[in-house]
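Here's the structure we're looking at; comments come further down.
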Amino acid sequence: MDTLSRRDVLEWAMAESVPVRCPACRREHLFAAPSYPCVCGAPVTPPLDRLADPAQVTHRTWDEDWVTVPCDACGRADQWPHPELGCPCGAMLRIPVRGVRRPLRAEVVPGTGAPADLETEPEPEAAPHSPEPPLPGTAGSPPLSTAGPSPAPATPGSPLIPDHLPLPRTTPTPRPMFQPVTIRTARDAVTAAALYLRWLGYRDIRRADQRPPSGIGLAARGMLAQVDPTVRPAALRDVECLWLTAMSESTGCVYFSLAGYADDARRCADALGIPLFVLDLTGTPQPVNTHADELLATGA
């Protein structure tokens, strides 16, 4: 991974600040948007809108909690938490940003029934029609050979075609170093887990359709994740419910916990093949069992 330049460090330290007035108590604040690490190593800061008034958060939705911000260095557009400010009066303020938000949930293209963000391959063009060769013994056909019977075509299992052709050995593409987000709130824990899944190679990360009994559910292509930001260890029931939900959706699953796991929960995860991670306060998931080590090594 490239080393951050002095300009990048200054951008991290000198975030844009805007005055914010709380609509509930009319108190003035000076807010600076947080910076997040792009995969290229450059800081990404949501551009704040100085002309718009902040909105008080009364209820949360997944689409409004995230905003799409392009990286100025590489142009990559990723989803990051929408900037928010907690006022001492108790109100939570959502700071307006410049640009267009897009939901993380897949939007269906009208008339197709397919998600808009899924890449669809074009249908292969039909091969040009070629005339069939004439039957043997008819006009225009080559003369029949009398040298003897033709050899039988090779079938799987014969010396000519083995049952299994070994694939060439491939080397996994190295990933850049993971850039964590410090965990101060439960929302930071969910953000850290989402960033880690994206770093592993999973795409289309969104809020899971089925709400888990505890914690927050995340879904991606081929993976269902549960994030437990509470201060109690994950119980056996939590691990079993995650596995059952993943089985019903025919997908893999992974668990992220802030306070670790009960002993019976770890034994159950080992038996069911569920990777377990513990979120440290720096925002870096630490593998707990061998299945987590394998997921860390192979990725998506």
Side-chain angles (χ1 to χ4, degrees), residues 1 34-41 43-44 62 65-66 78-81 104 172-208 211-236 238-243 245-246 251-300:
M1 181 178 178
S35 297
Y36 299 99
C38 180
V39 294
C40 71
V44 178
W62 182 263
D65 284 348
W66 295 79
D78 281 327
Q79 290 82 30
W80 304 103
L104 291 182
T173 304
R175 295 188 298 266
M177 184 179 298
F178 176 66
Q179 298 293 332
V181 175
T182 303
I183 297 179
R184 300 184 180 89
T185 63
R187 187 184 179 198
D188 294 336
V190 178
T191 302
L195 291 176
Y196 194 75
L197 289 174
R198 182 182 298 162
W199 178 74
L200 288 175
Y202 292 98
R203 295 294 177 261
D204 298 335
I205 302 171
R206 60 195 184 279
R207 191 84 173 250
R211 184 175 181 179
S214 63
I216 305 296
L218 297 176
R221 293 186 188 179
M223 180 60 70
L224 183 66
Q226 183 167 335
V227 186
D228 190 351
T230 62
V231 294
R232 67 168 183 84
L236 172 63
D238 301 328
V239 175
E240 290 177 339
C241 290
L242 172 63
W243 181 76
T245 305
T251 185
C253 58
V254 60
Y255 206 115
F256 297 91
S257 176
L258 194 62
Y261 304 87
D263 293 338
D264 53 356
R266 291 189 56 175
R267 289 192 295 269
C268 177
D270 292 339
L272 298 177
I274 303 176
L276 301 180
F277 290 89
V278 170
L279 295 168
D280 59 24
L281 295 182
T282 66
T284 304
Q286 302 294 337
V288 174
N289 56 1
T290 56
H291 302 295
D293 291 328
E294 294 173 359
L295 180 60
L296 175 60
T298 59

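Just so you know, these numbers come straight off a predicted model, no measurement behind them.
For the ring-ring contact (aromatic ring centres under 6.0 Å, His included) test, residues two or more places apart in sequence or in another chain that qualify with Y261 are Y255. T182 pairs by the side-chain contact (heavy atoms from CB on, under 4.5 Å) definition with R184, not counting sequence neighbours.
Side-chain N/O atoms of D293 and T290 include no donor and acceptor closer than 3.5 Å.
A265 and V239 get closest at one heavy-atom pair: CB-CG2, 3.9 Å. Smallest separation of non-hydrogen atoms from I183 and D280: CD1-O, 3.4 Å. Nearest heavy-atom pair, D238 versus S214, reported as atom, atom and distance to 0.1 Å: OD1-OG, 3.1 Å.
The distance from the CG atom of D78 to the CZ atom of R198 is 4.5 Å, given to the nearest 0.5 Å.
Here the side chains of V181 and Y196 are not in contact, with every heavy-atom distance at 4.5 Å or above. Contact annotation: the side chain of R207 approaches that of I216 to within less than 4.5 Å [non-hydrogen atoms, C-beta and beyond]. Annotation: side chain of L197 is in contact with side chain of V254 (closest heavy-atom distance under 4.5 Å). Residues I274 and Q226 form no side-chain contact, since every pair of their non-hydrogen atoms from C-beta on lies 4.5 Å or further apart.
Listed for the W199 side chain is no donor-acceptor partner under 3.5 Å among the backbone atoms of P180. Between the side chain of T251 and the backbone N or O of A246 there is no donor-acceptor pair closer than 3.5 Å.
Within the structure, side-chain hydrogen bond (donor to acceptor under 3.5 Å, both in side chains) contacts touching residues 262-279 (residues at least two apart or in different chains) are D270-N289.
In this structure, R203 places its CZ atom where more than 12 heavy-atom neighbours from other residues, nucleotides or ligands lie under 6.0 Å away.
Classified by interplanar angle (parallel below 30°, tilted 30° to 60°, perpendicular above 60°), the ring pair F256/F277 is parallel.
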